[in-house]
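Computed from a prediction, not measured in an experiment: that's the story for all the values here.
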Amino acid sequence: MLDVLGAIGSLLVVLLLIAVAIAVIAVIALVAFVVMAGSMLPLPRLWRRLTGRERRLTVKLSGESVPERRRGELSGRTPRLRRHFSLEVRRRRGAGV
């Protein structure tokens with residue numbers, strides 16, 4: 001009887017060690033993916049933006065350097081420019097059907 005309990009205990013320890021090893025590998029892989037994703041970000045510029053140290057842009061509603069359409073959009077006098085994008089594919093002339 002004692003031999004059976006010892007075998008079950010040994011099996012549980014081995015299974016527990018395997019589960020811990022899988023968890024450690026998963027955490028290491030997750031950290032590696034986070035580091036790879038973080039390396040693609042422009043960190044200095046992002047840090048300045050998050051901390052509020054970046055200079056804000058000023059919006060001017062009038063002036064010669066502002067285009068007429070943009071002045072109208074910002075002041076609310078003219079409707080926004082609407083663009084319609086066609087979802088259909090246009091065929092070229094002379095292309096065989």
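- Cluster partners of L15, by chain and number: L11. The rule joins Ile, Leu, Val, Met, Phe, Trp and Tyr whenever side-chain heavy atoms lie under 4.5 Å apart.
- In the hydrophobic clustering, where aliphatic and aromatic side chains (Ile, Leu, Val, Met, Phe, Trp, Tyr) are joined below 4.5 Å either directly or transitively, L17 groups with V13.
- Not counting sequence neighbours, the partners of I8 by the side-chain contact (heavy atoms from CB on, under 4.5 Å) test are V4, L12.
- In the hydrophobic clustering, where aliphatic and aromatic side chains (Ile, Leu, Val, Met, Phe, Trp, Tyr) are joined below 4.5 Å either directly or transitively, I18 groups with V14, I22.
- Legend: residues meeting side-chain contact (heavy atoms from CB on, under 4.5 Å) with L41, ordered by chain and number and at least two apart, are L43, L46.
- As a member of the Ile/Leu/Val/Met/Phe/Trp/Tyr network built from side-chain separations under 4.5 Å, L16 groups with nothing else and remains a singleton.
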